[in-house]
2 protein chains.
Amino acid sequence: MSEESYKDKKVITIGTVSELTGLSERQIRYYEERKLIFPARTKRGSRKYSFSDVELLMEIADKREDGLQTYEIRQEMIREKKIEDPKDIRKRMLKGQINARFGVQND
Amino acid sequence: MSEESYKDKKVITIGTVSELTGLSERQIRYYEERKLIFPARTKRGSRKYSFSDVELLMEIADKREDGLQTYEIRQEMIREKKIEDPKDIRKRMLKGQINARFGVQND
DNA sequence: CGTGTAAGGAATTCTGACACG
DNA sequence: CGTGTAAGGAATTCTGACACG
């Protein structure tokens, strides 16, 4: 497994992301609620974003300006594989359970 | 002028830097006092660090473990051009003032 | 639907100081 | 010298809710 590059390290707080993107904190949290963005959390619950997240948020902002709804943006992102289709996640997790039950090494 | 890469963008708070480096916030602030590290500041005064800063702090931690004093670490860093020699800074700024006074475009 | 705001609490960060050594 | 800690204040972030539309 390769080290994650700086671009994907989740280290930026929401206030800084707000400055970087020009979006309000409210908007950023809402896009998370709509499953467009997935920040990490510190132990005490603060959101942490990566530079990739910041870029993604700027794309989202552009699409919102073009009049797209969050749901439509989400569909686009799934098509473009920028986020994983929930159906695929369910499939993958089921597979993991099967492997676990039938003795595939996972540790 | 080229865009600064992610590596040099000052966006990480001291708490996160502390986790990333294993250093206490007290240590990180002290190394700043000793001019080994130069965080940016938000409008209200919070320190912001880059990934480069995090790497530098880890080097500092290694050297401290080797028994070097902060002053010695600073000398090494100046020699290695990781930070600028204060004498050079003074020279450069004087030059800037001369240029300004004698009409070199600076805007 | 997408975003603003006021609300109250919890966690973060800041500075200057005292402590030890 | 380098680091810990308690102190008090200011700024940040969180959630759930009400508002408008």
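Per chain, numbering begins at 1; letters A, B, ... match sequence-line order. All values below come from the heavy atoms of this structure, side chains included, with hydrogens, waters and symmetry mates left out.
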* To do: Output yes when B:Arg47 and B:Glu32 qualify as a salt bridge under the 4.0 Å nitrogen-oxygen rule, no when they do not.
  => yes

* Sequence neighbours left out, what passes side chain to side chain donor-acceptor pair (under 3.5 Å) with A:Ser50? Give chain and number order. => A:Asp53

* Please determine if a side-chain N or O atom of B:Tyr31 lies less than 4.0 Å away from the OP1 or OP2 oxygen of D:dT3. => yes

* B:Ser52 side chain vs B:Lys7 backbone, donor-acceptor pair below 3.5 Å -> yes

* To do: Would you indicate which nucleotide in C:dG2, C:dC14, D:dC14 comes nearest to any side-chain atom of B:Arg29?
  => C:dC14

* To do: Hey, which sits more toward the 5' end of DNA chain C by its nearest nucleotide, A:Thr42 or A:Arg64?
  => A:Arg64

* Check whether any side-chain N or O of B:Ser46 sits under 4.0 Å from OP1 or OP2 of C:dT12, and answer yes or no. => no

* **Out of C:dT12, C:dG2, D:dC18, whichever nucleotide has its closest atom nearest the side chain of A:Arg26** => D:dC18

* To do: Report the nucleotide, chosen from D:dT3, C:dC14, D:dC14, that has the shortest atom-to-atom distance to any side-chain atom of A:Ile14.
  => D:dC14

* **Result of checking A:Leu56, A:Ile12, A:Val17 against A:Phe51 for side-chain contact (heavy atoms from CB on, under 4.5 Å)** => A:Ile12

* **B:Tyr49 side chain near B:Thr13 side chain, heavy-atom distance below 4.5 Å** => no

* Return yes if a side-chain donor-acceptor contact under 3.5 Å exists between B:Lys48 and B:Thr42, otherwise no. => no

* Asked: To the nearest angstrom, how far is B:Leu23 atom CG from D:dG4 atom P?
  -> 9 Å

* Atom OG of A:Ser18 and atom CG of A:Leu23: how far apart are they, to the nearest 0.5 Å? -> 7.0 Å

* For B:Glu32 and C:dT13, give me the distance from atom CD to atom P, rounded to whole Å. => 14 Å

* To do: Specify the separation, in whole Å, of atom CD1 of A:Ile37 and atom C1' of C:dG2.
  => 17 Å

* To do: Answer whether the closest heavy-atom distance between the side chains of B:Glu72 and B:Lys63 falls below 4.5 Å.
  => no

* To do: Look at the side chain of A:Tyr30 and decide which nucleotide, out of D:dC14, C:dC14, C:dG2, has an atom nearest to it.
  => C:dG2

* For D:dT12, does OP1 or OP2 lie under 4.0 Å from any side-chain N or O of B:Thr13? -> no

* Asked: How far does CD1 of A:Ile83 sit from CD1 of A:Ile78, to the nearest 0.5 angstrom?
  -> 4.5 Å

* Asked: Between A:Leu57 and A:Val54, is any pair of side-chain heavy atoms under 4.5 Å apart?
  -> no

* Dot-bracket for DNA chain C, please, read 5' to 3', with Watson-Crick or G-U wobble pairs under 3.5 Å on both distances, ( ) within the strand, [ ] crossing, | other strand, . unpaired. => .||||.||.|.|.||.||||.

* Structure fact -> Here the distance between atom P of D:dA10 and atom CZ of B:Arg41, to the nearest Å, is 17 Å

* Asked: Rounded to whole angstroms, how far apart are CD on A:Glu25 and C1' on D:dC14?
  -> 10 Å

* Structure fact -> Separation of C:dG4 atom P from A:Ile28 atom CD1, nearest Å, is 10 Å

* Separation of B:Tyr49 atom OH from C:dT12 atom C1', in whole Å? -> 13 Å

* Asked: Does the side chain of B:Arg34 get closer than 4.0 angstrom to OP1 or OP2 of D:dG2 through an N or O atom?
  -> yes

* Using a cut-off of less than 4.0 Å, is there contact between a side-chain N or O of B:Arg44 and OP1 or OP2 of D:dA10? -> no

* Over how many whole Å does the gap from A:Leu36 atom CG to C:dG2 atom C1' extend? -> 12 Å

* Nucleic acid contacts of residues 66-79 of chain B, taken as heavy-atom distances under 4.0 Å to DNA chain D -> B:Gln69, B:Thr70

* Which comes earlier along DNA chain D counting from the 5' end, the contact point of B:Ser24 or that of B:Lys48, where each point is its nearest nucleotide? -> B:Ser24

